[in-house]
A.B. asks: 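This structure is in structure tokens; I'll ask about it shortly.
Side chains included, hydrogens not; waters and symmetry mates left out as well; all remaining heavy atoms used.
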Amino acid sequence: MAAASVPASANAAASGATAPGLDRYYHQRLDWGGCATGPDDTVGHDLDEAGVQCADATVPLDYADPGGRTLTVAVSRLRATDTRHRIGAILLNNGGPGGTAVESPPHVRDVMKGVGARYDIIGFDPRFVGRSTPLDCSWPTGIFFRSAGPDRAGFDRQVAFQKSLADKCRATNADVLPYVTTRNTARDMDVIRGALGERKISYLGYSYGSYLGTVYSQMFPGRYDRMVLDGVIDPDDYGPLLLRDAVRENEQALTAWAGWAADRHDTYRLGRTRARVLATVDRVAEAAARKPLTLGTGADTFRVDASHVPLLLFMSLADDHDETRAVLGETVSALAEAAKGRSTTLSPGLAEALRFTLTGAGSPTGSVQLAIICGDRAAPRDPESYWQDIERDRAAHPLFAPMTDSITPCSFWDRPAEPPTRVDKDAPALLVAATGDPRTTYRGTLALHAKLPGSRLVTLPGALRHALYGEYGNACVDARVNSYLATGKLPAKDLTCAK
């Protein structure tokens with residue numbers, strides 16, 4: 001597959017000028033209408049009932065060839081009702097990468113309280129995501145993330161598995177993979193801004209959405225107004241090995257959960273002390289390494305091995321609310337029963353996680369997530385370098401290091417078409433972060449804050465939570481963000497909220 005070139009037309013768009021050949025995209029008329037695509041589209045029907053309008057924006061596959069192949073990007077709009085005091089439009093991204101946001105305007109308007117009525121709230125599904133032009137590599141899984149397990153044989157199996165995922169994407173989507181990138185999504189955002197008739201657009205981005213917002217601020221300075229980045233990624237860390245730096249936070253979250261589960265031993269039967277709960281987790285991992293565990297019955301029967309157990313734990317460690325901790329309690333309880341050779345009944349949460357991990361039901365989600373990550377930043381290609389990292393870190397982090405240090409399909413991907421975005425322009429954004437975030441670490445937030453000296457930071461100490469504004473239920477965080485969105489004025493100094 002040939003690498004995509006980025007000549008003058010795309011560079012002009014990145015510099016803020018509307019390049020020749022791109023005018024038709026920037027000046028297109030969006031055909032707003034209903035959101036439901038059919039009788040079974042419950043999300044679309046809910047949006048229609050909430051007064052949301054939907055449209056498809058047309059964008060070029062390759063911004064260096066604006067006269068060539070095009071894509072559609074699904075866009076939704078909940079119009080301002082306080083038109084007299086209208087501020088503008090705010091664009092949403094829920095992270096992932098590969099997350100949808102067409103469905104989000106009604107929820108975000110509720111979160112924004114009174115200021116929400118003053119914005120056109122714009123959701124969109126990035127290129128190749130959700131309702132936009134799709135991408136599916138026909139994977140047998142919805143997520144590439146796996147652990148190498150306890151030994152070299154497990155690592156070698158992961159090398160073969162990860163290569164097979166890359167090969168499937170190349171076999172099915174070689175013609176578009178060079179253009180599945182954050183920089184192209186940022187270009188699409190600017191086309192949406194132009195099609196909306198907005199001189200500037202505000203932005204709310206969570207998790208990966210914080211990276212996308214940062215990239216947009218660097219590519220299109222002067223074209224954004226108010227920018228909120230929540231669950232912040234350090235651009236220098238973003239890439240296939242992002243979670244390598246979050247091992248400590250995930251261990252902290254697992255230990256905190258173990259204390260919670262110990263207090264509920266009568267429910268989950270995992271141990272009456274934190275240490276005993278963690279020992280149960282270790283026994284599950286050891287049993288899965290000896291022989292795959294069988295969970296569920298009938299059509300919902302799954303085989304879980306050592307490569308899956310850390311991932312199933314990890315999936316429920318991004319939130320310290322009781323509801324999420326209960327999901328993990330049900331998961332570990334089922335795994336512990338399976339480790340004893342007993343039959344298990346799957347909770348809805350565990351059944352969903354196993355279907356996503358062990359079947360092709362989530363293939364489109366996993367495919368585009370991986371394509372964006374590999375398209376944005378190259379990964380080390382020598383499998384031995386990963387094995388050495390795993391062996392180096394295994395003693396200190398036996399559960400999670402073999403997962404976060406392990407090889408990914410990006411090692412077998414073609415080189416990215418563009419280098420990563422350099423952050424060399426200040427951006428007066430509002431950053432929001434929890435000190436115990438197990439996905440995007442607080443250290444990463446501080447690193448981006450230092451790169452953007454005009455930014456301000458709202459910190460929530462003690463929360464083991466990824467993404468806060470409107471999601472965690474902290475009135476202080478929500479009020480600080482809404483004040484900024486209402487006035488456009490960043491706080492005079494960084495702020496700390498109480499958990």
A.B. asks: Which residues pass the salt bridge (Lys or Arg N to Asp or Glu O under 4.0 Å) test with Asp266, not counting sequence neighbours?
C.D. replies: Arg269, Arg272
A.B. asks: Sorted by first residue and then second, give each disulfide (SG to SG under 2.5 Å) pair with at least one member in residues 433-463; sequence neighbours left out.
C.D. replies: none
A.B. asks: Can a salt bridge be assigned to the pair Arg325 and Asp263 using a cut-off of 4.0 Å between side-chain N and carboxylate O?
C.D. replies: no
A.B. asks: By the salt bridge (charged side-chain N to carboxylate O under 4.0 Å, His left out) test, which pairs, at least two apart or in different chains, include something from residues 76-104?
C.D. replies: Arg86-Asp120, Arg86-Glu198
A.B. asks: According to disulfide (SG to SG under 2.5 Å), does anything in residues 51-83 pair up with another residue at least two apart or in another chain? List the pairs.
C.D. replies: Cys35-Cys54
A.B. asks: Taking Asp225 for its side chain and Lys200 for its backbone only, find out whether a donor-acceptor pair lies under 3.5 Å.
C.D. replies: no
A.B. asks: With sequence neighbours excluded, give me every salt bridge (charged side-chain N to carboxylate O under 4.0 Å, His left out) pair touching residues 105-117.
C.D. replies: none
A.B. asks: Just how far is it from atom CD1 of Ile201 to atom CE of Met189, taken to the nearest 0.5 Å?
C.D. replies: 7.0 Å
A.B. asks: Can a donor-acceptor pair be found, under 3.5 Å and without considering hydrogens, that links the side chain of Asp48 to the backbone of Gly34?
C.D. replies: no
A.B. asks: For Ser316 and Thr324, run side chain to side chain donor-acceptor pair (under 3.5 Å): C-alpha distance rounded to whole Å, both residues' side-chain angles, the deciding distance at 0.1 Å, then the answer.
C.D. replies: CA-CA 6 Å; Ser316 296; Thr324 305; over 6 Å; no
A.B. asks: Does Ala479 have any side-chain contact (heavy atoms from CB on, under 4.5 Å) partners at least two apart in sequence or in another chain, and if so, which?
C.D. replies: none
A.B. asks: Tell me whether the centres of the aromatic rings in His466 and Tyr206 are closer together than 6.0 Å.
C.D. replies: no
A.B. asks: For Phe314, which residues count as a ring-ring contact (aromatic ring centres under 6.0 Å, His included) partner, sequence neighbours excluded?
C.D. replies: Phe145
A.B. asks: Examine distances only and state if a side-chain atom of Asn173 and a backbone atom of Val176 form a donor-acceptor pair shorter than 3.5 Å.
C.D. replies: no
A.B. asks: Quick one: side-chain hydrogen bond (donor to acceptor under 3.5 Å, both in side chains) pairs with a partner in residues 442-462, sequence neighbours left out?
C.D. replies: Asp234-Lys451, Asp236-Lys451, Glu249-Arg443, Tyr442-Thr459, His449-Ser455, His449-Asp494
A.B. asks: State the SG-CG distance between Cys476 and Leu460, to the nearest 0.5 angstrom.
C.D. replies: 8.0 Å
A.B. asks: Determine, for Arg355 against Asp300, whether the closest basic-nitrogen to carboxylate-oxygen distance falls under 4.0 angstrom.
C.D. replies: yes
A.B. asks: Which residues pass the ring-ring contact (aromatic ring centres under 6.0 Å, His included) test with Tyr268, sequence neighbours left out?
C.D. replies: Trp260
A.B. asks: With sequence neighbours excluded, tell me which residues meet ring-ring contact (aromatic ring centres under 6.0 Å, His included) with Tyr203.
C.D. replies: none
A.B. asks: Look only at the side chain of Ser210 and the backbone of Leu229, and say whether a donor-acceptor pair between them is shorter than 3.5 Å.
C.D. replies: no
A.B. asks: Is a donor on one side and an acceptor on the other found under 3.5 Å between the side chain of Thr181 and the backbone of Gly375?
C.D. replies: no
A.B. asks: List for me each residue that meets ring-ring contact (aromatic ring centres under 6.0 Å, His included) alongside Tyr216, sequence neighbours excluded, and say none if there are none.
C.D. replies: Phe220
A.B. asks: Could you pull out the closest heavy-atom pair between Leu30 and Leu196, with the gap in Å?
C.D. replies: CD1-CD2, 4.1 Å
A.B. asks: With sequence neighbours left out, which residue pairs that include part of residues 363-379 fulfil the salt bridge (charged side-chain N to carboxylate O under 4.0 Å, His left out) condition?
C.D. replies: none
